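Because the structure is a prediction, the values reported are computed rather than measured.
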There are 2 protein chains.
Amino acid sequence: MSDKFDQLIIKALQEDARQSVSAIAEQVHLSRSAVSERLKRLEQSGEIRGYQVLLGHKSMSGVAAYFDIQHNSARCADVIPLLTAIPEVRRCHGISGEIDLMVFVQADSVTRLHQIREELDAHPAIVRIKTHIVLSDWINKAD
Amino acid sequence: MSDKFDQLIIKALQEDARQSVSAIAEQVHLSRSAVSERLKRLEQSGEIRGYQVLLGHKSMSGVAAYFDIQHNSARCADVIPLLTAIPEVRRCHGISGEIDLMVFVQADSVTRLHQIREELDAHPAIVRIKTHIVLSDWINKAD
DNA sequence: CGCGCCAACCGGCGTTATGCCGGTGTTTTT
DNA sequence: AAAAACACCGGCATAACGCCGGTTGGCGCG
């Protein structure tokens with residue numbers, strides 16, 4: 001499903017997703033056409049989902065925070081629609097431990113953050129929310 | 001520092017970071033050269049940090065986990081080099097609350113996860129670590 | 001063993017995109 | 001008001017791309 005060459009191509013794209021097929025071909029020691037075809041296949045098969053631009057800290061205006069959420073719903077899935085509906089929710093993971101959901105939010109202001117928190121609190125299935133506002137951003141690799 | 005056109009260019013790149021300058025130019029109604037120059041400026045000024053490939057869930061083999069870390073170091077920065085040295089560490093945020101650092105890790109195996117945890121435990125400045133293994137991935141917007 | 005089949009790779013060709021540069025219009029400075 | 005600074009445009013030479021025919025190397029089957 002993905003041999004050594006595909007891995008090399010992906011690794012090259014992880015270094016810089018905006019580089020020419022020719023440049024990648026040179027790195028992995030294949031012809032440009034071979035890399036081109038492999039790329040197309042990787043994209044169509046869904047192994048490669050897309051390409052993202054990584055922004056500098058300047059563009060990161062606003063506030064980020066973690067919510068750890070505990071809920072009493074039988075299935076986690078009950079509260080997911082609520083979270084999906086909030087555009088500021090960047091990531092949501094079901095996790096082990098006392099907490100059930102770890103949610104990462106990026107909002108424009110602290111006010112908006114509170115608003116979101118209250119919206120979540122209103123949901124009957126949600127028992128407890130802890131907010132951890134992000135003070136510093138040390139490491140941030142995409143994906 | 002970044003006018004309406006820059007925003008449009010960035011938005012276009014967020015849709016697909018691997019598209020030609022010409023294609024972007026067409027979307028934002030500028031000449032290719034103008035977009036090209038703006039892009040170079042955005043990259044050099046650090047507003048654009050780089051470009052990443054987004055992989056499908058198939059390639060997401062392995063285990064993900066959150067570490068919440070409490071440390072006694074005067075400055076957070078003391079433990080950051082240790083984290084930066086570990087390639088599996090995807091994100092690290094300094095946060096408010098009882099916890100000091102929220103670290104997101106993506107490793108190949110649970111064994112490797114434990115290995116990383118022990119490595120962190122060995123650091124004198126780190127007081128306490130809680131591990132939350134990710135069971136489900138509900139929402140995951142890049143950046 | 002040899003034959004044919006299939007998948008992957010290569011390289012050339014025409015088209016498209018890129019980088020560079022001079023020219024132009026607009027705003028800011030002196 | 002002239003000059004300088006800035007951003008944009010468009011043309012040209014070069015590089016990259018997509019496409020296609022030809023070649024290679026493995027693999028099964030008679």
Side-chain angles (χ1 to χ4, degrees), chain A residues 1-62 106 108 137 140-143, chain B residues 1-62 87 90 106 108-109 140-143:
Chain A
M1 203 102 211
S2 72
D3 64 352
K4 185 179 66 181
F5 281 121
D6 285 345
Q7 295 302 332
L8 284 172
I9 291 172
I10 289 174
K11 204 159 92 179
L13 286 171
Q14 283 176 331
E15 298 293 319
D16 175 13
R18 252 186 97 76
Q19 59 180 312
S20 67
V21 173
S22 314
I24 300 172
E26 206 171 342
Q27 295 172 46
V28 305
H29 303 295
L30 275 181
S31 75
R32 356 182 193 109
S33 0
V35 174
S36 189
E37 289 165 14
R38 278 170 177 274
L39 248 190
K40 196 158 60 180
R41 191 173 50 72
L42 286 170
E43 287 166 358
Q44 288 177 347
S45 75
E47 285 201 70
I48 288 180
R49 194 161 19 110
Y51 305 96
Q52 248 291 324
V53 55
L54 302 178
L55 301 178
H57 299 253
K58 297 129 196 186
S59 321
M60 274 232 223
S61 59
Q106 194 135 20
D108 281 342
D137 186 4
N140 202 335
K141 303 175 192 168
D143 236 7
Chain B
M1 204 103 212
S2 71
D3 63 353
K4 187 180 64 184
F5 281 122
D6 285 344
Q7 296 301 334
L8 284 172
I9 291 172
I10 288 174
K11 204 159 93 178
L13 286 171
Q14 283 176 331
E15 298 294 318
D16 173 13
R18 247 186 102 73
Q19 59 179 312
S20 67
V21 173
S22 314
I24 301 171
E26 205 170 340
Q27 295 172 46
V28 305
H29 303 294
L30 275 180
S31 74
R32 312 122 220 168
S33 1
V35 174
S36 190
E37 288 165 15
R38 277 169 178 275
L39 248 190
K40 197 158 59 180
R41 192 173 50 72
L42 287 170
E43 288 166 359
Q44 288 177 347
S45 75
E47 284 200 70
I48 288 180
R49 195 160 19 108
Y51 306 96
Q52 250 290 326
V53 55
L54 302 178
L55 302 178
H57 296 256
K58 298 134 196 181
S59 321
M60 270 234 226
S61 58
R90 315 297 290 173
Q106 193 134 20
D108 282 341
S109 64
N140 202 337
K141 302 175 191 168
D143 234 9

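- When the C1' atom of C:dC6 is taken as reference, atom CD of A:E37 falls 14 Å away, rounded to whole Å.
- Taking 4.0 angstrom as the limit, A:R41 places none of its side-chain polar atoms (N or O) nearer than this to OP1 or OP2 of C:dA8.
- Listed pair B:K40 / C:dC20 meets the phosphate criterion, a side-chain N or O lying under 4.0 Å from OP1 or OP2.
- Residue B:K141 holds its NZ atom at 14.0 Å from CG of B:L54, rounded to the nearest 0.5 Å.
- Note that CZ of B:R49 is 7.5 Å distant from CG of A:L55, once rounded to the nearest 0.5 Å.
- Residue pairs meeting the side-chain hydrogen bond (donor to acceptor under 3.5 Å, both in side chains) criterion with at least one partner in residues 13-25 of chain A, sequence neighbours excluded, are A:Q19-A:Q27.
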Distances under 3.5 Å between protein N/O atoms and the N/O atoms of nucleotides 12-16 of chain C, please, pair by pair.
none

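- One finds the CD1 atom of B:I24 at 11.0 Å from the CG atom of B:L30 (value rounded to the nearest 0.5 Å).
- Rounding to the nearest 0.5 angstrom, the gap separating the CG atom in A:L8 from the NE2 atom in A:H29 is 8.5 Å.
- Of the inter-residue distances, the one linking B:L39 atom CG with B:I9 atom CD1 reads 6.0 Å to the nearest 0.5 angstrom.
- The stretch residues 24-31 of chain B does not touch DNA chain C, since none of its heavy atoms comes less than 4.0 Å from the strand.
- For A:E37, the side chain to side chain donor-acceptor pair (under 3.5 Å) criterion is met by no residue, not counting sequence neighbours.
- Within residues 12-22 of chain A, the residues having any heavy atom closer than 4.0 Å to DNA chain D are, in order of number, A:S20, A:V21, A:S22.
- When DNA chain D is scanned 5' to 3' for any atom under 4.0 Å from a heavy atom of chain B, the first and last hits are D:dA7 to D:dG10.
- For the pair A:D6 and A:R41, the minimum side-chain heavy-atom distance is below 4.5 Å.
- Counting only heavy atoms from C-beta outward, the side chains of B:Q7 and B:K4 never approach each other to under 4.5 Å.
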